[in-house]
Amino acid sequence: MRQQITELMVETRGQGLHDCTDAVRHWVDGTGIHAGLLTVFIRHTSASLLIQENAAPAARRDLERYFARIAPESRDYEHDDEGPDDMPAHLRAALTQTSLSIPVIDGGLALGIWQGIYVFEHRRVPHRRHLALHLIGE
């Protein structure tokens, strides 16, 4: 059994889904591990991770609008240290995921044909988001 660990940085352009599949895939390809389990963990509380539709941009836009409706910006939140998008970002992150587990089969990510790995940025301004990747296998 072997393991590999790295950290990837994803630059977001503000709110929305930011595809990081290729960067993750490139790293996995270089590990030489052919069968195992990849964990992807985001090291932030106002962004999250999703495996989501990678072909139809409308599906991602609908998802973004849905989260804007269920966790809207508002002056009613007590926590607003970084502005009106601060607490909604934490709520959206709480409703999604901070880590993903993805099987590695035959040296590649076992994603479905329409699946991509996304950083879901919940803040309005661009950020540098850090992902910890851990792959264990053989």
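Only heavy atoms go into these numbers, but all of them, side chains included; no hydrogens, no water, no symmetry mates.
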Test Met87 against Asp80 for side-chain contact (heavy atoms from CB on, under 4.5 Å), laying out the working first. CA-CA 6 Å; Met87 191 60 212; Asp80 63 356; over 6 Å; no
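- What you find for Ala47 and Ala93 is that their closest heavy atoms are O-CB, 3.9 Å.
- Side-chain N or O atoms of His127 include one that pairs as donor or acceptor with a backbone N or O of Val125 at under 3.5 Å.
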Kindly determine whether Leu38 and Trp27 satisfy side-chain contact (heavy atoms from CB on, under 4.5 Å), including the steps that lead there. CA-CA 11 Å; Leu38 171 67; Trp27 179 76; 3.8 Å; yes
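- Heavy-atom contacts from other residues, nucleotides or ligands closer than 6.0 Å to CZ of Arg128 number 12 or fewer.
- Linking ILVMFWY side-chain heavy atoms closer than 4.5 Å, directly or via other members, places Leu63 and Ile51 in two distinct hydrophobic clusters.
- Residue Asp106 qualifies as open at atom CG: its count of foreign heavy atoms under 6.0 Å is 12 or below.
- Scanning all heavy atoms of the two residues, the minimum distance from Pro72 to Tyr77 falls at O-OH, 2.9 Å.
- For the pair Met9/Leu131, no side-chain contact is recorded, criterion being any heavy-atom separation below 4.5 Å from C-beta on.
- Ser48 pairs in a side-chain hydrogen bond (donor to acceptor under 3.5 Å, both in side chains) with only one of the listed residues (Gln97, Arg92, His122), which is His122.
- Only one option out of His90, Gln15, Arg123 pairs with Asp85 in a side-chain hydrogen bond (donor to acceptor under 3.5 Å, both in side chains); it is Arg123.
- Using a 4.5 Å cut-off between side-chain heavy atoms of Ile, Leu, Val, Met, Phe, Trp and Tyr, with links allowed through other members, Val119 and Val24 fall into the same hydrophobic cluster.
- Scanning both residues, Ile102 and Ala110, for their nearest heavy atoms gives CG2-N, 4.2 Å.
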Criterion side chain to side chain donor-acceptor pair (under 3.5 Å) on Glu138 and His34, from CA distance to verdict: CA-CA 6 Å; Glu138 50 191 26; His34 295 285; over 6 Å; no
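- Cluster partners of Phe41: none. The rule joins Ile, Leu, Val, Met, Phe, Trp and Tyr whenever side-chain heavy atoms lie under 4.5 Å apart, and it links nothing here.
- Ion pairing of Glu11 with Arg129 is absent here, as no side-chain N (NZ or NE/NH1/NH2) approaches a carboxylate O to less than 4.0 Å.
- Hydrophobic clustering of Ile, Leu, Val, Met, Phe, Trp and Tyr side chains at less than 4.5 Å, counting indirect connections, unites Leu50 with Leu95.
- Atom CD of residue Gln115 and atom CG of residue Asn54 lie 8.0 Å apart, to the nearest 0.5 angstrom.
- Across all their heavy atoms, Val28 and Thr31 have their closest contact at O-OG1, 2.8 Å.
- Within 6.0 Å of NE2 in His26 there are 12 or fewer heavy atoms belonging to other residues, nucleotides or ligands.
- Residues passing the side-chain contact (heavy atoms from CB on, under 4.5 Å) test with Ala23 are Leu8, sequence neighbours excluded.
- Pro88 approaches Ala71 most closely through the heavy-atom pair CB-O, 3.3 Å.
- We find the CG-OG distance between Leu133 and Ser99 to be 11.5 Å, quoted to the nearest 0.5 Å.
- Separating the CG atom in Asp81 from the CG atom in Asp86 is a distance of 6.0 Å, to the nearest 0.5 Å.
- Under the 3.5 Å distance criterion, the side-chain polar atoms of Thr21 are matched with a main-chain donor or acceptor of Ile117.
- Using a 4.0 Å cut-off between charged side-chain N and carboxylate O, Arg13 and Glu121 make no salt bridge.
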List the steps and the verdict of side-chain contact (heavy atoms from CB on, under 4.5 Å) for Gln4 and Ile33. CA-CA 9 Å; Gln4 295 284 323; Ile33 294 177; 4.0 Å; yes
Start with the C-alpha gap between Leu135 and Thr6, add the side-chain angles, then the distance that decides, and say whether side-chain contact (heavy atoms from CB on, under 4.5 Å) holds. CA-CA 9 Å; Leu135 177 56; Thr6 196; over 6 Å; no
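- Atom CG of Leu49 is separated from atom OG1 of Thr96 by 8.0 Å, given to the nearest 0.5 angstrom.
- Using modelled atom types, one side-chain atom of Glu64 and one backbone atom of Leu17 make a donor-acceptor pair closer than 3.5 Å.
- The salt bridge (Lys or Arg N to Asp or Glu O under 4.0 Å) search around Arg69 returns none, not counting sequence neighbours.
- Residue-environment remark: CZ (Arg2) exceeds the threshold of 12 foreign heavy atoms within 6.0 Å.
- Under a 4.0 Å N-O distance rule, the pair Arg60/Glu53 does not qualify as a salt bridge.
- Tyr118 and Tyr66 fall within the same hydrophobic cluster, defined by Ile, Leu, Val, Met, Phe, Trp and Tyr side-chain heavy atoms under 4.5 Å apart, directly or through other members.
- When all heavy atoms of Val104 and Gly107 are compared, the pair lying nearest together is CG1-C, 3.9 Å.
- Interatomic distance, OG1 of Thr39 versus NE2 of His134, reported as 7.0 Å (0.5 Å rounding).
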